[in-house]
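Down below is the structure, laid out as structure tokens.
Just so you know, ligand 1 is whichever comes first in the structure, and atom 1 is the first atom listed for that ligand.
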Amino acid sequence: MLISKKTPKETVLKIGKECRMCGNCCKYTSGFLVDDDIIRIARFLRTTTDELKEKYIEEHERFNTKILRPKLIQGTKPYGKCIFYNEQVGCTIHEVKPLHCRIGNCNTYGDDLNQWFMLNYLVNPDDPESIRQWRTFLTQNKPIPGGSLKELVPDETKLKKILNYEV
Ligand code: SF4
Ligand code: SF4
């Protein structure tokens, strides 16, 4: 199956159902919160979004875009387990876990699904720095359709300026 930037969220979620819920990814990081994730999780935990944010959520930055995620329990390590992960039961908010966790990014289409998420929620074509950071990502990864630099910034002159740090 070919996944592109424009693949509908519903399709991505169907593919993501391949997630075996083994919890391996939850031991090293947490999934980003988008759309109504915060509201759904707050309702599930019978708390307010403010309290949820204060107790369980932290800000992170990818591709020069600020995004929220469940706090990591890190200690002194550069990585850490998700605050919602429990060794015995797995994800304690499984029913309402964030979209990023629901797309099962380690399955057959994992890399493409991850790119789909980054392109739709993190890479900002209107932000030169975001595009430059995406360019760095593409030095190690082939873009899915809709994710090449030319597709993101079709104006050649503008793209050249961005990549030359002129804007
Ligand atoms: S996304 Fe993959 S690693 Fe993470 S819980 Fe699901 S099967 Fe395990
Ligand atoms: S919210 Fe759940 S699925 Fe997502 S990283 Fe945390 S424990 Fe894992």
Considering the heavy atoms of Tyr85, write down every atom of ligand 2 situated less than 4.0 Å from one of them.
7 (S)
Hey, is CD on Glu59 packed in by over 12 heavy atoms from elsewhere, all under 6.0 Å?
yes
In this structure, atom 2 (Fe) of ligand 2 is nearest to the protein heavy atom Cys91 SG, 2.4 Å
Just need the protein heavy atom nearest to atom 8 (Fe) of ligand 2, so name the residue and atom and give the distance.
Cys26 SG, 2.4 Å
Tell me: protein heavy atom nearest atom 6 (Fe) of ligand 2, and distance?
Cys82 SG, 2.3 Å
Any atoms of ligand 2 less than 4.0 Å from a non-hydrogen atom of Lys97? List them with their elements.
3 (S)
Within a distance under 4.0 Å of any heavy atom of Cys101, pick out the atoms of ligand 2 and give their elements.
1 (S), 3 (S), 4 (Fe), 5 (S)
Is Glu54 atom CD crowded by more than 12 heavy atoms from other residues, nucleotides or ligands, each under 6.0 Å away?
no
Output, in order, the C-alpha distance, side-chain angles, deciding distance and verdict of salt bridge (Lys or Arg N to Asp or Glu O under 4.0 Å) for Arg102 and Asp37.
CA-CA 11 Å; Arg102 283 185 285 149; Asp37 285 338; 3.7 Å; yes
For Gly31, counting its heavy atoms only, list the atoms of ligand 2 lying under 4.0 Å from any of them.
5 (S)
Please identify which atoms of ligand 2 are closer than 4.0 Å to at least one heavy atom of Pro98.
1 (S)
Any donor-acceptor N/O pair, Tyr109 side chain to Ile3 backbone, under 3.5 Å
no
Is Cys25 close enough to atom 4 (Fe) of ligand 1 to have an N, O or S atom under 2.8 Å?
yes
Enumerate the atoms of ligand 1 whose separation from the nearest heavy atom of Gly23 is less than 4.0 angstrom.
5 (S), 8 (Fe)
Modelled atom types, side-chain donor and acceptor of Thr48 and Glu51, under 3.5 Å
no
Angle between ring planes, Phe32 versus His60, binned at 30° and 60°: parallel, tilted or perpendicular?
parallel
Hey, are Asp50 and Lys53 close enough for a salt bridge, meaning a charged N less than 4.0 Å from a carboxylate O?
no
